[in-house]
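Presented below is the structure to which this report refers.
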Amino acid sequence: MKNVFALVDCNNFYVSCERVFDPRLEGRPVIVMSNNDGCVVARSNEVKALGVGMGVPVFKVQEIIEKHGIEVFSSNYTLYGDMSRRVMETLAQFTPDMEIYSIDEAFLDLSGYPYRNLTEYGHEMRKRVKQWVGIPVTIGFGRSKTLAKMANHLAKQSAKAKGVLDLTDSPYLAEALRRTDVEKVWGIGSRYAKRLRKAGIETAWDLRNADDRWIRQEMGVVGLRTVHELRGIACYDLETAPAPNKGIASSRSFGRPVETLEEIRESVAAYTSRAAEKLRRQKLAAGVITVMVMTNRFDTKGPRYFNYQTMELPVATNDTGELIRYAVQAVEKIYRPGCRYKKAGVLLDGLVAQDKVQGNLFDDLDREKSAKLMRVLDAVNARTASDTLRYATAGLKQPWRTKFQKRSPRYTTRWDELLRVKVEKKVCTAYPTDYGLR
DNA sequence: TCTGGGGTCCTAGGACCC
DNA sequence: TCTGGGGTCCTAGGACCC
């Protein structure tokens, strides 16, 4: 039996999410920015056509933004996360063999399903996601994940494909490989692309026909797998049950430079709280904590500084208060006065299941009490959908907070931010589904 | 003035042990 | 002055992904 993989990818996902709730944006140029309103992380097709690159700093394209009246949004991860869930739930109806690969992508394993016409099936999926959730998607089919990715990419380029391209047994496969630049291949980043091009390998077709020994030498086993995948030999299976995290990180740039130990300490405490919440959501505990601080790496004047401190905990924990205590100790060791800090972060490692934590003879914390307290904390914050309860160390006003100056309402997860619909005397004909609500 | 955040896997080399 | 070999574990760094 031959493998059939599909890759479903939401088009310009963050932009599409904004458009679902603000149809005025349809057909207009739209940008969504990264954290701290720093970089461009999502662009509508209109913006791509204006030559605005992925990941460019917003201030560098300010002129284009103003000249073309581009609509600009801060990231609204709460909204995007919820919309993603809706898309995935809809896709799950088509097959049980699904891997949620990222917030806006899913692999489907359709091997062994007697679909006579994959293209038709793809159009059905597209239609349903659009109708139920309001998000446009593109679908590529291939004999390996890498080929499904490539098909998806080509489907986006071609208007003729109408969002679906099947390359499983296609007579156009060779042509498709020839038309794909080597850096567009999944697994080939800018470094490898440069080296490959130097060696005369410019397209996916060239890569597919490259010498195995040379590839193994230059790119290791990972590179070799990519080449095999391009030949239609599937090296990667679907990963339906996500492996538990190996580490959990929480780091943020500051909305403005931070200089005092007090503010750095607050931010580190706040980031530690976030990381600890993630930890508890996955029922894990951390045995190692690392705190890092850094100045602006683009700043040419002023002292540049980067440092981190790792601490091993006597007992693995997911208690916010306890983790904050270690984090604060760590940050006090690396804080250097006279620097303008741009970013701080917390990394948790040595993760173990919370019910398999090894005790310690000298442990003086009441673990049961701590677990109870954390449950209450999480429950209250879940009900109020914000960090209503938090540790005083994290500060009250948090003047260093990351910027989100143009965030749209969290339409689907906050009662006080629901979409407002003006109803005139006539009967309202808008149904919740029109807004992605169910 | 303004430049994101959170992950994964692989490999080479050093520490350590017998 | 002579000074083995093989295994494991850990870490840092480099590549990649969205």
Side-chain angles (χ1 to χ4, degrees), chain A residues 7-14 31-42 52-63 65 72-77 80-81 84 99-107 145-146 149 152-153 182-196 215-226 229 235-236 239 242-257 271 274-275 278-279 282 288 290 292 294-302 308 310 312 340 342-351 402-406:
Chain A
L7 177 71
V8 184
D9 187 321
C10 300
N11 302 348
N12 316 327
F13 182 54
Y14 297 171
I31 278 176
V32 177
M33 300 179 286
S34 66
N35 273 344
N36 223 23
D37 296 346
C39 296
V40 174
V41 290
V52 175
M54 175 68 176
V56 299
V58 174
F59 72 86
K60 285 192 178 167
V61 289
Q62 200 56 47
E63 243 174 72
I65 289 173
V72 177
F73 291 88
S74 301
S75 285
N76 187 343
Y77 293 114
Y80 309 151
S84 171
E99 170 188 345
I100 297 173
Y101 177 66
S102 73
I103 193 165
D104 69 335
E105 282 171 78
F107 283 107
K145 283 179 160 181
T146 305
K149 268 272 191 189
N152 190 294
H153 180 249
V182 75
E183 51 273 325
K184 301 288 188 221
V185 173
W186 190 43
I188 306 299
S190 60
R191 302 285 169 91
Y192 282 152
K194 218 171 157 186
R195 273 151 69 179
L196 287 168
I215 294 290
R216 176 69 181 80
Q217 177 79 33
E218 294 290 309
M219 302 165 68
V221 295
V222 182
L224 196 54
R225 270 182 219 143
T226 296
E229 286 242 320
C235 303
Y236 298 105
E239 285 167 38
N245 274 26
K246 304 221 160 122
I248 285 176
S250 173
S251 67
R252 289 277 176 285
S253 297
F254 303 127
R256 58 146 168 83
Y271 300 163
R274 283 199 68 246
K278 289 193 213 172
L279 209 51
Q282 300 186 48
V288 177
T290 300
M292 70 93 180
M294 64 189 283
T295 53
N296 189 340
R297 65 186 197 281
F298 299 102
D299 191 3
T300 46
K301 23 184 208 302
Y308 62 87
T310 300
E312 282 195 37
R340 286 159 62 83
K342 177 64 181 171
K343 182 174 174 177
V346 174
L347 293 93
L348 301 177
D349 290 290
L351 306 187
T402 306
K403 276 187 291 191
F404 290 95
Q405 284 173 345
K406 300 188 168 177

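In what follows, chains are A, B, ... by sequence order, proteins preceding strands, each numbered from 1.
For Lys301(A) and Gly55(A), each mapped to the nucleotide of DNA chain B holding its nearest heavy atom, the one lying further toward the 5' end belongs to Lys301(A). Each of Val221(A) and Lys60(A) was matched to the nucleotide of DNA chain B holding its nearest heavy atom; the match closer to the 5' end belongs to Lys60(A).
Looking at heavy-atom distances under 4.0 Å, Lys149(A) makes contact with sugar-phosphate atoms alone, never a base. Asp104(A) comes within 4.0 angstrom of sugar-phosphate atoms only, judged by non-hydrogen atoms across all strands, and of no base. At a threshold of 4.0 angstrom between heavy atoms, the contacts of Ser190(A) are confined to the sugar-phosphate backbone, with no base atom among them. As judged by a 4.0 angstrom heavy-atom cut-off over every strand, Arg256(A) is placed among residues making no nucleic acid contact. Using a 4.0 Å heavy-atom distance criterion, Lys403(A) is classed as making no nucleic acid contact. Nucleic acid contact for Val185(A): sugar-phosphate only, since backbone atoms but no base atoms lie under 4.0 Å from a heavy atom of the residue. The residue Gln62(A) sits apart from the nucleic acid: no heavy atom pair falls under 4.0 Å. Within 4.0 Å (heavy atoms only), Ile103(A) reaches no atom of the nucleic acid at all.
When all heavy atoms are compared, the tightest approach of Gly255(A) to Asn36(A) is CA-OD1, 3.5 Å.
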Watson-Crick or G-U pairs under 3.5 Å in DNA chain C, rendered as dot-bracket with [ ] for crossing pairs and | for another strand: ....||||||||||||||
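At a non-hydrogen distance threshold of 4.0 Å, Asn245(A), Lys246(A), Gly247(A), Ile248(A), Ala249(A), Ser250(A), Ser251(A), Arg252(A), Ser253(A) from residues 243-255 of chain A come into contact with DNA chain B.
For the C1' atom pair drawn from dG4(C) and dC16(B), the interatomic distance equals 16 Å after rounding to whole Å.
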Side-chain donor-acceptor contacts of residues 182-191 of chain A below 3.5 Å, not counting sequence neighbours, with atom names and distances?
residue   : atom : partner   : partner atom : Å
Glu183(A) : OE1  : Arg197(A) : NE           : 3.0
Glu183(A) : OE2  : Arg197(A) : NH2          : 2.8
Trp186(A) : NE1  : Tyr101(A) : OH           : 3.3

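With hydrogens and angles disregarded, a donor-acceptor distance shorter than 3.5 Å links the side chain of Asn152(A) to the backbone of Leu7(A). Remark: the backbone N or O of Ile103(A) is paired with a side-chain donor or acceptor of Ser84(A) at under 3.5 angstrom. Side chain of Thr295(A) to backbone of Arg340(A): no donor-acceptor contact under 3.5 angstrom is found. When atom types are taken as modelled, the side chain of Lys278(A) and the backbone of Ala249(A) share a donor-acceptor pair closer than 3.5 angstrom.
With sequence neighbours left out, the side chain to side chain contact (heavy atoms under 4.5 Å, CB included) criterion links Ser74(A) to Met33(A), Asp37(A), Phe404(A), Lys406(A), Arg407(A). Every side chain to side chain contact (heavy atoms under 4.5 Å, CB included) that Phe59(A) has, sequence neighbours left out, goes to Pro57(A).
For CD of Glu239(A), the number of neighbouring non-hydrogen atoms (other residues, nucleotides, ligands) closer than 6.0 Å is 12 at most. Around OH of Tyr77(A), the count of heavy atoms belonging to other residues, nucleotides or ligands within 6.0 Å exceeds 12.
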Step by step, work out the side-chain contact (heavy atoms from CB on, under 4.5 Å) result for Glu218(A) and Leu196(A). CA-CA 9 Å; Glu218(A) 294 290 309; Leu196(A) 287 168; over 6 Å; no
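Protein chain A contacts DNA chain C from dA15(C) to dC18(C), reading 5' to 3' and using non-hydrogen atoms of the protein with a distance under 4.0 Å.
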